[in-house]
Amino acid sequence: MAISLDRLVGLHHRALQVRDERMEVISGNLANANTPGYKARDIDFKSAMQAAQAERSSSLSRTHEKHFAVEIRNPGEQMFRVPNQPDTGDGNTVDVQVERNSFLDTGMRYQAGIEFLNGKFKGMKKALSGGQG
């Protein structure tokens, strides 16, 4: 029986990628908190994972150059965040407290995902070694 890493980790590796991308976007928001006219951005994790699931479940690949290319939406597409506070006059929509909380939440979820995958790999390693280690 062949070992499938895709079956072992499922979509968890993609979840880590999306969370990493989201932390980069949030970092950019925080870095531009005082930039006039800057619009806060975010990545919708739920829609990104739905797109990744759809991409994974569809096996649409071109096997011949004359086949139509299928365009799949980028799972990490950035969107603008709807501001929670009124405009301060400079057009900047970054709420520093919201950004910090989002960054911390995403970071904790990222760490939990790493721990989950680490457990999966330890279990696989143990199974491969016959329970030795």
Side-chain angles (χ1 to χ4, degrees):
M1 180 172 134
I3 298 171
S4 170
L5 287 178
D6 192 39
R7 283 187 146 177
L8 177 67
V9 298
L11 284 175
H12 295 286
H13 66 287
R14 183 62 189 141
L16 289 176
Q17 290 172 335
V18 172
R19 286 191 173 111
D20 181 54
E21 291 171 16
R22 185 165 189 244
M23 286 192 294
E24 287 184 32
V25 170
I26 294 170
S27 296
N29 290 345
L30 287 168
N32 288 291
N34 295 323
T35 304
Y38 183 82
K39 305 297 181 206
R41 295 169 175 84
D42 201 355
I43 294 176
D44 182 14
F45 182 79
K46 184 177 179 181
S47 66
M49 291 310 297
Q50 287 173 342
Q53 176 65 35
E55 182 180 325
R56 182 175 180 229
S57 64
S58 70
S59 60
L60 299 175
S61 60
R62 293 178 65 186
T63 56
H64 191 272
E65 68 272 358
K66 291 188 178 183
H67 289 174
F68 289 111
V70 177
E71 188 175 322
I72 297 175
R73 187 176 148 243
N74 180 11
E77 183 178 348
Q78 293 183 27
M79 301 179 302
F80 291 102
R81 180 173 289 165
V82 177
N84 295 333
Q85 61 187 14
D87 187 4
T88 58
D90 66 356
N92 188 307
T93 62
V94 176
D95 183 347
V96 174
Q97 293 301 322
V98 169
E99 300 300 329
R100 286 181 184 161
N101 290 339
S102 295
F103 188 86
L104 289 172
D105 179 64
T106 304
M108 288 189 308
R109 292 175 188 271
Y110 181 87
Q111 185 63 37
I114 292 286
E115 294 297 325
F116 177 79
L117 286 177
N118 190 28
K120 287 275 199 178
F121 287 124
K122 281 183 180 178
M124 178 60 78
K125 183 178 176 184
K126 189 173 184 177
L128 290 173
S129 66
Q132 308 296 327

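- Taking each heavy atom of V18 and F45 in turn, the nearest pair found is CG1-CD1, 3.6 Å.
- Looking only at distances, no side-chain donor or acceptor of K120 sits under 3.5 Å from a matching main-chain atom of E115.
- With sequence neighbours excluded, the residues that form a side-chain contact (heavy atoms from CB on, under 4.5 Å) with F121 are L5, L8, V9, L117.
- Between N92 and A33, the shortest heavy-atom contact is ND2-O, 3.0 Å.
- A continuous path of hydrophobic side-chain contacts links F103 to V96 [ILVMFWY only; heavy atoms under 4.5 Å].
- The pair R14-E21 meets the salt-bridge criterion, with a side-chain N (NZ, NE, NH1 or NH2) lying under 4.0 Å from an Asp/Glu carboxylate O.
- The side chain to side chain donor-acceptor pair (under 3.5 Å) contacts involving residues 28-38 comprise N29-Y38, N29-E99, N32-T35, Y38-R41, where partners must be two or more places apart or lie in separate chains.
- Linking ILVMFWY side-chain heavy atoms closer than 4.5 Å, directly or via other members, places Y110 and L30 in a single hydrophobic cluster.
- Grouping the Ile, Leu, Val, Met, Phe, Trp and Tyr side chains by contacts below 4.5 angstrom, directly or via other members, places M124 with I114.
- Taking D42 as the reference, R22, R81 meet the salt bridge (Lys or Arg N to Asp or Glu O under 4.0 Å) condition, with sequence neighbours excluded.
- Side-chain atoms of T106 do not come within 3.5 Å of backbone N or O of R19 as any donor-acceptor pair.
- The hydrophobic clustering, which links ILVMFWY residues whose side-chain heavy atoms are closer than 4.5 Å, places V98 and I26 apart.
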